[in-house]
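For the numbers below, each heavy atom of this structure counts, side chains included, while hydrogens, waters and symmetry mates do not. Model, not experiment: these values are computed from the prediction. For the single chain, residues carry numbers from 1 onward in sequence order.
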Amino acid sequence: METLETYLQTWDTAYDNKSCRIPLFDLSKPPQLSLAQKQLFVKSFYHARGHFYRFLWYVGSFANTADEKKVVVDNIVEEFGGARRSHEQLYFDFAQSLDVDLVSEIQSEAAYLPFLKVFNQGHIDWLLTKDWNHKWAAFSAYERLDNIDYENLYKLVSSLGLDEKALRFFDAHRWVKHYEGASNSLLKIWELHPQSVKSSFEFIGAHQLQMWRNLSNLVLTGAG
């Protein structure tokens, strides 16, 4: 009988294998980016992650128990960084290192291209139209991806010749333990409704990979 852990290990491996073949993350052919391409990455990637608060809002709003709500709140608290700089501030540091006016980008959303809007709205549509089991499983999948995606992203930004301060946003996300907080409730869902978990993880994984492919195409060729 397939266990949740066995399923997740298979899912992790399949996702990682596919993500590493995306040109932006392909270390066998490291991309040589111009300053303009680096700046485009800064602005467009911001929109791939900068709208996540909406995802958290809907998960927390539909949570059924105090424990589940606390997992979402703990996620938000961790984003604020405690006594340290918030993750938003760390991303501003990254943007500043490449002379990107992130305030202007947030105000204008000039780099918030259609494929990024589809990506973000796709998550919200899933949360609004699926039952709770699918909602929590999708949240768990998204959180689990941090450790895979940010390893790829950290390697990418490490190749840009930036100082340590500029890399802190990406380094911090390699080690976050957000999935662990969601895992207890996910296991309970798996025991009763494993297909809900599988369909949610498959959606999040495929949805995320498509966004990375589009982002890679945008940064490398100027066509999102």
Side-chain angles (χ1 to χ4, degrees), residues 7-52 55 87 90-91 94-95 97-98 100 102 105 109-126 138-162 166-176 178-179 198-224:
Y7 171 74
L8 292 176
Q9 289 174 356
T10 301
W11 185 81
D12 287 350
T13 300
Y15 180 91
D16 194 29
N17 288 340
K18 291 175 182 177
S19 64
C20 288
R21 291 198 296 269
I22 294 171
L24 196 61
F25 301 141
D26 186 353
L27 294 182
S28 69
K29 303 173 185 176
Q32 301 299 313
L33 303 180
S34 67
L35 178 59
Q37 287 174 305
K38 294 174 186 178
Q39 291 174 331
L40 180 57
F41 171 78
V42 173
K43 291 182 283 188
S44 55
F45 177 67
Y46 177 82
H47 294 294
R49 285 293 186 245
H51 302 260
F52 183 54
F55 192 109
H87 291 179
L90 293 178
Y91 198 84
F94 170 60
S97 72
L98 288 166
V100 172
L102 200 56
E105 175 55 38
E109 296 191 338
Y112 195 15
L113 299 180
F115 79 86
L116 291 165
K117 293 178 181 179
V118 167
F119 172 68
N120 286 317
Q121 189 59 44
H123 292 142
I124 302 305
D125 290 345
W126 184 272
F139 169 62
S140 303
Y142 203 168
E143 296 292 42
R144 190 172 180 89
L145 281 181
D146 266 359
N147 301 118
I148 300 174
D149 285 336
Y150 277 96
E151 189 64 36
N152 289 330
L153 288 161
Y154 182 78
K155 291 173 182 175
L156 171 65
V157 297
S158 294
S159 71
L160 302 183
L162 306 175
L167 304 182
R168 287 174 185 166
F169 171 84
F170 298 92
D171 188 39
H173 284 82
R174 292 194 295 164
W175 311 110
V176 293
H178 289 163
Y179 167 78
K198 290 183 178 181
S199 63
S200 299
F201 270 70
E202 288 163 8
F203 163 71
I204 291 295
H207 197 59
Q208 189 97 332
L209 286 167
Q210 186 59 54
M211 183 276 291
W212 289 133
R213 293 184 187 107
N214 288 333
L215 183 65
S216 176
N217 193 45
L218 171 69
V219 173
L220 297 180
T221 70

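- How far NE2 of His207 is from CG of Leu145: 11.5 Å, rounded to the nearest 0.5 Å.
- With values rounded to the nearest 0.5 angstrom, Asp171 atom CG is found 10.0 Å from Leu90 atom CG.
- Leu215 places a side-chain heavy atom less than 4.5 Å from the side chain of Phe41.
- One distance of note links NE2 of His173 with OH of Tyr154; it measures 14.0 Å at 0.5 Å rounding.
- Side-chain contact check for Arg144 versus Asp12: some heavy-atom pair is nearer than 4.5 Å.
- How far CZ of Phe201 is from CH2 of Trp11: 5.5 Å, rounded to the nearest 0.5 Å.
- The two residues Gln32 and Gln37 make their nearest non-hydrogen contact at O-OE1, 3.8 Å.
- If you take CG on Asp125 and CG on Asn120, they are separated by 11.0 Å, rounding to the nearest 0.5 Å.
- With hydrogens and angles ignored, the 3.5 Å screen pairs no side-chain donor or acceptor of Tyr15 with any backbone N or O of Glu202.
- Side-chain atoms of Ser159 and Leu33, non-hydrogen and from C-beta on, never get closer than 4.5 Å to each other.
- Here the side chain of Ser216 pairs no donor or acceptor atom with the backbone of Trp212 at under 3.5 angstrom.
- Residue Phe170 comes nearest to Ala166 through the heavy atom pair CD1-O, 4.4 Å, listed as atom of the first residue, atom of the second, then distance.
- Pairing each heavy atom of Ile204 with each of His123, the nearest pair is CD1-CD2, 3.7 Å.
- Under the 3.5 Å distance criterion, the side-chain polar atoms of Asn217 are left unmatched by any main-chain donor or acceptor of Arg213.
- Residue Lys43 comes nearest to Ala111 through the heavy atom pair CB-CB, 3.7 Å, listed as atom of the first residue, atom of the second, then distance.
- For the atom pair CD (Glu105) and OG (Ser44), the distance works out to 8.5 Å, reported to the nearest 0.5 Å.
- Looking only at distances, a side-chain donor or acceptor of Ser19 sits under 3.5 Å from a matching main-chain atom of Asp16.
- Within the structure, salt bridge (Lys or Arg N to Asp or Glu O under 4.0 Å) pairs that include any residue of residues 147-161 comprise Arg49-Asp149, Glu151-Arg174 (at least two apart or interchain).
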Check: For Lys38 and Val42, what are the C-alpha separation, side-chain angles and deciding distance, and is it a side-chain contact (heavy atoms from CB on, under 4.5 Å)?
Finding: CA-CA 6 Å; Lys38 294 174 186 178; Val42 173; 5.6 Å; no
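- Closest approach of Leu98 and Leu162 over heavy atoms only: CD2-CD2, 3.8 Å.
- Considering only heavy atoms from C-beta on, Gln208 comes within 4.5 Å of Tyr142 through its side chain.
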Check: Does the side-chain contact (heavy atoms from CB on, under 4.5 Å) test come out yes or no for Phe169 and Leu153, once each step is laid out?
Finding: CA-CA 10 Å; Phe169 171 84; Leu153 288 161; over 6 Å; no
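- In this structure, Phe119 and Asn214 have side chains that are not in contact, with every pair of non-hydrogen atoms separated by 4.5 Å or more.
- Here the closest heavy-atom approach between residue Ser28 and residue Asp26 is recorded as OG-OD1, 2.6 Å.
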